Every structure is written in C-alpha cells, then in structure tokens.
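Take a look at the structure below.
For ligands, and for the atoms within them, numbers begin at 1 and follow the listed sequence. Computed from a predicted structure; not experimentally measured.
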Amino acid sequence: MSIQQNLNNIKSSLPEHVTLVAVSKTKPNADILEAYEAGQRVFGENYVQELVEKHDQLPNDIEWHFIGHLQSRKAKLIAPFVSLIHGVDSLKLLQEINKQAAKNNRVIDCLLQVHIADEETKFGLDEQELDELLKQVQHDNSQFNNIRIVGLMGMATFTEDQNQIKKEFDYLKSLFDKFKRHFDSAQCDNIELKTISMGMSGDYQLAISCGSTMVRIGSSIFGTRK
Ligand SMILES: *Cc1c(COP(=O)(O)O)cnc(C)c1O
C-alpha cells in the first residue's frame with residue numbers, strides 16, 4: 001500500500017482527541033511530501049541534524065516534533081523551530097532548552113519522558129525523579145519562562161506480551177492522572193499537563209485504549225526502516 005493509503009487507514013482508526021505524529025526518521029523528503037499532500041502536518045524525527053535539514057527543505061507549515069534523546073549541546077539547533085520535544089528527562093536539559101528558547105523569543109513545549117519499560121537501555125525518569133523535576137520547575141517557576149511542560153511520554157518494552165505492554169501504559173496513565181491532579185490545582189504557569197505520548201506502530205491501538213492522546217507512528221506509514 002502507498003504512504004497515502006497507510007496514512008488514511010491509520011487516521012480513520014484514531015479517535016478525534018488523539019494526535020498522530022508521523023515518524024519520518026531515515027525516510028527521504030519525497031516520502032514526507034507524500035504524507036504532507038495527504039494532509040499530514042505533524043512529523044517526528046530522532047536525529048538533530050536530519051531534523052534541521054528536513055526543516056530547511058520542506059514546507060514551513062509542518063509541525064516538527066523531536067522524539068529522540070536530545071543532547072543539551074544540540075538544543076540550540078532545533079530551538080528556532082521545533083514545536084514539541086518529547087524526550088526530556090533531566091533538569092539540565094530543561095534549563096538548556098529554556099535558554100535557547102529565550103534566545104529565539106519562543107516558548108517551547110516539552111514532554112517529560114518516563115521510564116516505563118522493563119529494559120535498562122531506555123531513557124527516562126522514574127516516578128520519584130519525575131516528581132522532583134516537576135517540583136523544581138514549580139519552585140523555580142520564573143527560571144523557566146520559555147518552556148512549558150505539557151505532558152508525559154513513554155515507550156513500552158519491546159515484547160509480544162500484550163499484558164506487559166498494557167501494564168506499562170496503564171502505569172504511565174496513572175502517573176499522568178496523579179500529577180495532573182496535583183498541578184492543575186497548583187496553577188503553575190509552565191506546567192499544563194494535557195498530553196500522553198505513548199504508542200508506536202506495533203502498540204498504538206493498545207496505547208489509545210490505555211489513555212494515550214498522541215501516537216508516534218513510523219513504519220506502519222512509511223514502511224520498515226533499514
Ligand atoms: C522510531 C520511533 C517511533 C516509531 O516507531 P515505529 O515502530 O516505526 O512506529 C516512535 N517513537 C520513538 C521514540 C521512535 O524512536
């Protein structure tokens with residue numbers, strides 16, 4: 001099937017409140033344009049250099065999301081245009097994003113990445129680190145005028161075991177609900193939890209049934225990557 005057909009099939013299966021991020025890493029501009037012509041405007045990339053090049057070359061009404069692991073020293077390269085950074089997992093990175101956003105007179109939306117998988121290799125915060133990071137931002141509010149924390153992101157274990165994946169998605173949703181309750185009533189200007197980014201090609205339907213509001217789908221749209 002073509003990229004357009006894949007995209008239309010996926011889009012028609014998504015509930016209204018779920019945002020589709022088309023993950024275009026390693027794919028050529030022609031593929032992205034095909035999805036663009038079919039109406040897709042939100043794209044996700046994992047590598048800074050690749051994202052910068054694609055942003056320069058492709059239509060400027062594309063909303064670019066950075067979904068990889070961002071190194072602090074590279075934040076300045078995407079700060080002029082990125083619309084959402086999914087994988088923030090340290091205070092240091094948040095401070096750097098804030099600094100670079102300020103230089104560009106922007107407020108950059110960020111998701112905090114939570115470690116939900118049963119694997120050592122994946123990045124992310126545990127519950128206590130998440131709690132501490134959110135409270136730091138709340139406490140030093142005026143130091144973070146150029147970022148806004150809009151939600152959480154997580155990646156499930158790479159496994160066929162649907163029960164395991166469901167448990168991990170349920171866990172992320174429960175953390176989201178808990179922190180949302182707290183920070184909605186705390187009325188902190190730059191913490192406004194509304195997005196749960198979870199679900200990829202293999203598990204996005206399950207993720208949505210567990211409360212995801214944003215799915216990141218690559219291979220089911222563009223085909224497998226090398
Ligand atoms: C590559 C990637 C995806 C998309 O994966 P697919 O299985 O191709 O849909 C989603 N999220 C992150 C963080 C990724 O790195």
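For His182, the ring pair (Phe, Tyr, Trp, His ring centres under 6.0 Å) criterion is met by no residue, not counting sequence neighbours. Residues passing the side chain to side chain donor-acceptor pair (under 3.5 Å) test with Gln57, sequence neighbours excluded: Asn29. Gln95 is linked by a side chain to side chain donor-acceptor pair (under 3.5 Å) to nothing, counting only residues two or more places apart in sequence or in another chain.
Linking ILVMFWY side-chain heavy atoms closer than 4.5 Å, directly or via other members, places Leu70 and Phe144 in a single hydrophobic cluster.
We find that Glu96 and Lys76 are not joined by a salt bridge, their nearest charged nitrogen and carboxylate oxygen being 4.0 Å or further apart. In summary, Lys25 and Glu50 do not engage in a salt bridge, as defined by a charged side-chain N under 4.0 Å from a carboxylate O.
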Run through all N or O atoms in ligand 1 and write down each protein N or O closer than 3.5 Å, as a pair with its distance.
| residue | atom | partner | partner atom | Å |
| --- | --- | --- | --- | --- |
| ligand 1 | 8 (O) | Ser219 | N | 2.8 |
| ligand 1 | 8 (O) | Ser219 | OG | 2.9 |
| ligand 1 | 8 (O) | Arg225 | NH1 | 2.8 |
| ligand 1 | 8 (O) | Arg225 | NH2 | 3.1 |
| ligand 1 | 9 (O) | Ser201 | N | 3.0 |
| ligand 1 | 9 (O) | Ser201 | OG | 2.5 |
| ligand 1 | 9 (O) | Gly218 | N | 2.8 |
| ligand 1 | 11 (N) | Arg216 | NE | 2.9 |
| ligand 1 | 15 (O) | Lys25 | NZ | 2.7 |
| ligand 1 | 15 (O) | Asn46 | ND2 | 2.7 |

